[in-house]
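Notes to accompany the following structure.
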Amino acid sequence: MIYTVTFNPSIDYTVILGDFQLGMVNRTTKELMFPGGKGINVSMVLSNLGVRNTALGFTAGFTGEKIQEMLGDNHVNTDFIRVKEGNSRINIKIRSGQESEINGIGPQISKKDIDELYEKLNKLQDGDILVLAGSIPSVMPETMYSDIMKYLHNKNIEIIVDATKELLVNVLKHKPFLVKPNNYELGDIYDVVLKTRDEVVPYAKKMQQQGARNVLVSMAGEGGVLVAENGQVYESPSPKGNVINSVGAGDSMVAGFIAGFLETGDYKEAFKNGLLAGSASAFHENLATKEDVESLAKIFQFD
C-alpha cells in the first residue's frame, strides 16, 4: 500500500480575474476549489492513475470535513487525524496575469495528535511506500520527517520525501528511496543558482552522495533530471503544451514516477511517466488523469 502524509491540508480556492486592482472591488470571472497540500496532490494523481493509496494527515473544523468530502468524491481513501483546535486552512490563489497566493495558518496540532500519527505509521507493513510531502506547521520540529524515518527504520518501507531546506537535508542520512526538490530548492540548499539540466546534475549527485538513493529534480518547462541508484543519469525537457496551472505539477511528477516504477520497475520509464504526469497537470485546470497522461505520451518524444 502507498501512504501519503500531509501535515497541513487545505482547501485551495482559486479565483480568476481580468485585472486585479488593490483597494478596489474586484469581480471574478471564474472560481475553482480543490483539496490541497502536496501529499494530497500525490494521492489524487495516484488515484487518477489507478493506483490505490491512503492519505494520512491532520484536519480540523468545517474546512477539514470539506477536504475529506472532496477527497472522497475523487475516490481517494483517507485516514486523517481530527484535530480539536482551529480549522484546516484555506489557501487563496489569485490569477490575474500573474498568480499570487495567500496561504492560511492551519489548526493547532498537539503532541497527542502527533502520537496518534505515529500509531498509524506503526501499522505500515514491509513493502509499503510512504510519501512525506510539503511543509510542516511551525508547532512541529524541523526534524519531523527525519524523526519519522528514524522511527520506521526497522521496517522495509520505501520512503519518498518532497520538501525544502532543512526538512529535506535532515532526511538524507536515513537514505530515502527518493527525494524530489525542484531546481530552485536544490540550488537554495547548496547556495547556487541552477537554471539548466546540466547545472543540476552535479548537485543532484551531491545529494545522492549525502544519502538519497534516487534524486528527482523538477524544472518546470526545462523538464527534469533523475540521478538514479543504478548509476544512470536521465534528463529530458518537458512535453510541449500551454501551461494553465502550475500548482501540483511537481506533486504529479512524484505520483507519475511512483506509478511508472510500480508498473515497470525501470527508472527510465518511471522518470518518463513522472514528466508526463507533471506536464499533464500543468496543462489542465485539474490534476492529471490517466487519459491526460496517455494522450500526452502519444506526442512526447522521449529519448
Shared hydrophobic cluster, Ile105 / Ile136 (ILVMFWY, side-chain heavy atoms < 4.5 Å): no
Which atom of Asp19 lies closest to which atom of Asn26, heavy atoms considered: O-OD1, 3.6 Å
Whether Glu222 side chain and Met219 backbone form a donor-acceptor pair below 3.5 Å: no
Worked check of side chain to side chain contact (heavy atoms under 4.5 Å, CB included) between Lys290 and Asn48: CA-CA 6 Å; Lys290 188 173 184 178; Asn48 289 348; 6.0 Å; no
Side-chain (Ser238) to main-chain (Ala220) donor-acceptor, under 3.5 angstrom: yes
Results of ring-ring contact (aromatic ring centres under 6.0 Å, His included) for Phe20 - residues two or more places apart only: none
Check: Gly256 main-chain N/O paired with Asn273 side-chain donor or acceptor under 3.5 Å: yes
Result of checking Glu99, Glu31, Glu101 against Lys93 for salt bridge (Lys or Arg N to Asp or Glu O under 4.0 Å): Glu101
Whether over 12 other heavy atoms sit under 6.0 Å from Phe300 CZ: yes
Exercise: identify the closest heavy-atom pair between Ser96 and Gly18: OG-O, 3.6 Å
Ion pair check, Asp126 and Lys155, cut-off under 4.0 Å: no
Given Thr6, Asp12, Asn8, the one that forms side-chain hydrogen bond (donor to acceptor under 3.5 Å, both in side chains) with Ser10: Asp12
Short side-chain to backbone donor-acceptor contact, Asn182 and Ser218, under 3.5 Å: no
Shared hydrophobic cluster, Val247 / Ile90 (ILVMFWY, side-chain heavy atoms < 4.5 Å): no
Working for side chain to side chain donor-acceptor pair (under 3.5 Å), residues Thr4 and Ser43: CA-CA 7 Å; Thr4 67; Ser43 274; 2.7 Å; yes
Residue among Asp162, Leu178, Val225, Ile160 satisfying side chain to side chain contact (heavy atoms under 4.5 Å, CB included) with Leu216: Leu178
Under 3.5 Å: donor-acceptor pair, side chain of Asn122, backbone of Glu119: no
Donor-acceptor pair, side chain of Asn74 and main chain of Leu71, under 3.5 angstrom: no
Salt bridge present between Arg213 and Glu158 (N-O < 4.0 angstrom): yes
Side-chain (Tyr267) to main-chain (Leu226) donor-acceptor, under 3.5 angstrom: no
Audit row: Asp292, Ser295, side chain to side chain donor-acceptor pair (under 3.5 Å) steps and yes/no: CA-CA 5 Å; Asp292 295 333; Ser295 295; 6.0 Å; no
Aromatic ring proximity, centroids under 6.0 angstrom, Phe261 and Phe271: no
Heavy-atom pair of closest approach, residues Glu85 and Ala60: O-CB, 4.3 Å
Passing option when Ser252 is tested against Leu275, Leu46, Leu276, Leu287 for side chain to side chain contact (heavy atoms under 4.5 Å, CB included): Leu287
Test item: Thr196 side-chain N/O and Glu199 main-chain N/O as donor-acceptor pair under 3.5 Å: yes
Heavy-atom donor-acceptor pair, Glu166 side chain to Glu142 backbone, under 3.5 Å: no
Exercise: identify the closest heavy-atom pair between Met207 and Pro181: SD-CG, 4.3 Å
Distance-only side-chain donor-acceptor flag, Asn77 / Thr54, under 3.5 Å: yes
is_close_aromatic(Phe58, Phe80), centroid dist under 6.0 Å: no
Electrostatic pair Glu185-Lys165, nearest N-O below 4.0 angstrom: no
Under 3.5 Å donor-acceptor, Ser146 side chain and Val171 backbone: no
